[in-house]
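Before any comments, here is the structure.
All of these numbers come straight from a predicted model, not from anything done at the bench. Per chain, numbering begins at 1; letters A, B, ... match sequence-line order.
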2 protein chains.
Amino acid sequence: MASDAPRKRAPRGQGAALRGEVLTAAMDLLRETSSEESVSLRAVAARVGVSVPSIYLHFADKQALLDAVCEEVFEQLHRALKEASADAPDAFEALRQQGMAYVRFALANPEHYRIVMMGSPSGHDPADEIASGAFGHVLDSVTACIGLGVLEGDPVDLALQLWAGVHGIASLRIAKPMFPWPPLEDFFDGTFCAVGIGLAAQTRIPVGLGADEVTARLNSLRA
Amino acid sequence: MASDAPRKRAPRGQGAALRGEVLTAAMDLLRETSSEESVSLRAVAARVGVSVPSIYLHFADKQALLDAVCEEVFEQLHRALKEASADAPDAFEALRQQGMAYVRFALANPEHYRIVMMGSPSGHDPADEIASGAFGHVLDSVTACIGLGVLEGDPVDLALQLWAGVHGIASLRIAKPMFPWPPLEDFFDGTFCAVGIGLAAQTRIPVGLGADEVTARLNSLRA
DNA sequence: CTCTGAAGTGAACGATGTTAAGTTAGCGGT
DNA sequence: ACCGCTAACTTAACATCGTTCACTTCAGAG
C-alpha cells in the first residue's frame, strides 16, 4: 500500500493543493493504524508521493499536522453535538443525546480522541480550543436545563461535572478496553441518569453521618 | 545537573545494585520533568553515571523501565487506598475516602497517571495489571456497600461506573488544567455524592418522557 | 598470580523530527 | 521562441532516539 506514484508537481498557483493531500494522507494513516506514532512524516510523505520536507511547506511541524487532522475529525463531533441538541424534544433529552453522541464519537475515533483529550497538556493550544468547543456544547445544554428548571446551580460547575463524567466513560474505555465493559449505550445511560439524578437532588451526604443514617437517606430515594 | 560522576563498578555479586540506581534515576527524572519523552535512556544513563546499554542489563527495553517506575509509584496509590478504607467508619465513607485518595494521587503524579491510565492500550500489559489493582479496591468497597445495603445491583457494573467517574475527574484535570476547575476536594465530593445518590436511586429517566414530567420527577428529589 | 565470569563499554544501526541549501519547472513578458 | 523569475519541490545533512553486538575491564575464588 506504500504508493510509489511520484506525484506530479502542482501548477503555479496551486501550491496549497499539497496541503490537502498531506492532510488526507495523515488522516487516513491515523485512522488505519490507530496509532499516533506510526504516523511518521516519512510515512505520510511516502503515501502522498512527495519528499519529507515538503510537509514543512504547509505545516510548521508534526504537531501542527496532527492538530489539523484532529481539528478536521472533531468537526464531526461538533456537528453530532449540534444535531443531537437540535433533534431533542427538550433540554434534558438534548443533554442526554449529546452525551451519547460524545462517547460514541470518542470510541469511534479513539486515537484522535486520545491525542486531543488525553495527551500531555504541554503547550499544544489547538487541542485546548477543540476541547473548549466541546465543553461549550455541554455548557449550553446545561444552561438550557437550568432555564427549564430541571437543574439548579452554577452552570459551569455542573457542566464540568457532566463533562468529566462522559469523558471518564470514554477515556477509560479507550485506554482499558479489556475490562468487562457493559454495552456502551446502556452503560452510558445508566451513568448519565445517575449523575443527572444526583445533581438534581442538590444535596450531599455529609461526612460523619453514621452508616445507618446514610443507608436510610439513600434508601429513601429508591423508586 | 547532568552528573559527571563516573560511578564505580559494583562488586562481584552486586550487579543488581545498578537496577536500583537506574530505577530511582528514572523516577526522579520523570518526577522532575513531568514529561515521559524527556526521560530518555541517555538521560537516565548520564544521571547514573553509566553507559546506555547497561540499562539493558536490567530492563528489557525502555517500556519495561517506565513500567517499573510506574509500578513503584502506584504502590503509593495501593497503600493510600488501603489506608482510606481501613480508617473509614463505614463502607460508604470508605468509598468516598478511596475516591478522594485516588484523585489526589492522580493529580500529585500526573505524568505517571497519564502513562498508566491514559496511554495507548497497545500491549503494555503491566499498566493493565496496575489498573486492575486499583479497580479491585473500588470493587471491594462497592461490594461492602452492597452488603451494607447502601447500594444495590451488580458490583462490577457499579464499580466500573464509579471508577469511570473518578477517572474522568482526574484525567480531565490532568489533560486540561487551564479549565476553570473548582477546588479539587469540593469538586470531587460534589460529583461523588451526585453519583452515589444517583446510583442508590436505582432508577432511570426514560426517554420520551415530556419535559414537564422529567422536571417533576427530578424536583421531587430535591432536599 | 592467574584466570574466569560478572559488570560494564564503544561503536554502530536504523528510525525519527527538523533545517539549510539547492534544483526544477510552470508561465507571464518580450 | 526563448528568457527569467519564482513557486514548488528535493537532496543532503544533523541531532536525537531506542536498540544490538562485539568487546573490554576488573573483583575475587583457586
Side-chain angles (χ1 to χ4, degrees), chain A residues 2-23 25-26 29-30 33 35-70 115 119-120 122-124 126, chain B residues 2-23 25-26 29-30 33 35-70 115 119-120 122-124 126:
Chain A
S3 79
D4 296 344
R7 182 189 185 264
K8 265 183 254 177
R9 172 194 283 248
R12 242 331 161 69
Q14 311 301 327
L18 180 55
R19 188 194 147 92
E21 295 178 46
V22 167
L23 194 57
L29 218 56
L30 186 57
T33 66
S35 143
E36 174 176 6
E37 66 177 271
S38 57
V39 180
S40 68
L41 294 188
R42 280 165 170 88
V44 172
R47 172 166 296 221
V48 176
V50 92
S51 78
V52 183
S54 300
I55 297 176
Y56 286 88
L57 297 176
H58 300 286
F59 299 95
D61 52 14
K62 183 186 180 178
Q63 191 58 59
L65 173 57
L66 281 178
D67 287 345
V69 168
C70 290
I115 292 172
S120 278
S122 64
H124 198 206
Chain B
S3 80
D4 297 344
R7 180 187 186 265
K8 266 183 254 178
R9 173 195 284 248
R12 237 352 164 45
Q14 310 301 328
L18 180 55
R19 187 194 148 91
E21 295 180 45
V22 168
L23 193 57
L29 254 166
L30 187 56
T33 66
S35 142
E36 173 176 8
E37 65 178 89
S38 58
V39 180
S40 69
L41 295 188
R42 281 166 171 88
V44 172
R47 174 166 293 223
V48 176
V50 91
S51 77
V52 182
S54 301
I55 297 177
Y56 286 87
L57 297 176
H58 300 286
F59 299 94
D61 51 16
K62 185 188 179 178
Q63 191 58 60
L65 172 56
L66 280 178
D67 286 346
V69 168
C70 289
I115 292 172
S120 279
S122 64
H124 198 206

- Task: With sequence neighbours left out, write down each residue that passes side-chain hydrogen bond (donor to acceptor under 3.5 Å, both in side chains) with B/Ser38, or none if nothing qualifies.
- Result: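 B/Ser38 satisfies side-chain hydrogen bond (donor to acceptor under 3.5 Å, both in side chains) with B/Thr33, B/Ser35 once adjacent residues are dropped.
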- Rounding to 10 degrees, work out the angle separating the end axes of the helix from C/dC1-D/dG30 to C/dT30-D/dA1 (five pairs an end).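 About 30° separates the two local helix axes.
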- Does anything in residues 57-70 of chain B reach DNA chain D, meaning a heavy atom under 4.0 Å, and if so which residues?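 Heavy-atom cutoff 4.0 Å gives B/Asp61, B/Lys62.
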- Can you list every side-chain hydrogen bond (donor to acceptor under 3.5 Å, both in side chains) pair that touches residues 59-69 of chain B, not counting sequence neighbours?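 Sorted result for residues 59-69 of chain B: B/Gln63-B/Asp67, B/Gln63-B/His124, B/Asp67-B/His124.
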Taking only distance into account, with no hydrogens and no angle test, what donor-acceptor pairs under 3.5 Å do side-chain atoms of residues 52-60 of chain B form with protein atoms, sequence neighbours excluded?
{"from": "B/Ser54", "atom 1": "OG", "to": "B/Ser51", "atom 2": "O", "distance (Å)": "3.4"}
{"from": "B/Ser54", "atom 1": "OG", "to": "B/Ser51", "atom 2": "OG", "distance (Å)": "3.2"}
{"from": "B/His58", "atom 1": "NE2", "to": "B/Gly15", "atom 2": "O", "distance (Å)": "3.1"}

- Can you list every salt bridge (Lys or Arg N to Asp or Glu O under 4.0 Å) pair that touches residues 9-23 of chain A, not counting sequence neighbours? A/Arg7-A/Glu21
- When all nucleic acid strands are considered with a 4.0 Å heavy-atom cut-off, which category describes B/Gln14: base, sugar-phosphate, or nothing? sugar-phosphate
Measure [atom1]/[X] against [atom2]/[N] and give the value in whole Å, please.
{"X": "B/Glu36", "N": "D/dC17", "atom1": "CD", "atom2": "C1'", "value": "13 Å"}
{"X": "B/Tyr56", "N": "D/dG18", "atom1": "OH", "atom2": "P", "value": "7 Å"}
{"X": "B/Leu41", "N": "C/dC13", "atom1": "CG", "atom2": "C1'", "value": "16 Å"}
{"X": "A/Arg19", "N": "D/dA8", "atom1": "CZ", "atom2": "C1'", "value": "17 Å"}
{"X": "B/Glu37", "N": "D/dT16", "atom1": "CD", "atom2": "C1'", "value": "11 Å"}

Atom pairs under 3.5 Å, N or O on each side, protein against nucleotides 13-15 of chain D: can you list them with distances?
none

- Any chance you could measure B/Cys70, atom SG, to B/Leu65, atom CG, to the nearest 0.5 Å?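 It comes to 9.5 Å.
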- Task: Tell me whether the OP1 or OP2 atom of C/dT16 has a side-chain N or O from A/Ser40 closer than 4.0 Å.
- Result: yes
- Query: Has A/Ser51 got a side-chain N or O lying under 4.0 Å from the OP1 or OP2 atom of D/dT10?
  - Reply: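 Answer is yes, contact under 4.0 Å.
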- Item | Heavy-atom closest pair, residues A/Val69 and A/Ala26 |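 It is CG2-CB, 3.7 Å.
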- Protein proximity profile, nucleotides 21-30 of chain C - base contact B, sugar-phosphate-only contact S, no contact -, cut-off 4.0 Å on heavy atoms: ---BSBS---
Contacts under 3.5 Å, N or O only, protein and nucleotides 1-3 of chain C:
none

- A/Leu30 side chain near A/Ile115 side chain, heavy-atom distance below 4.5 Å: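 With C-beta onward as the side chain, the pair touches.
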- Where the side chain of B/Val52 is defined as all heavy atoms beyond and including C-beta, which of D/dT19, C/dT18, C/dT9 is the nearest nucleotide?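 Within the option list, the nearest is D/dT19.
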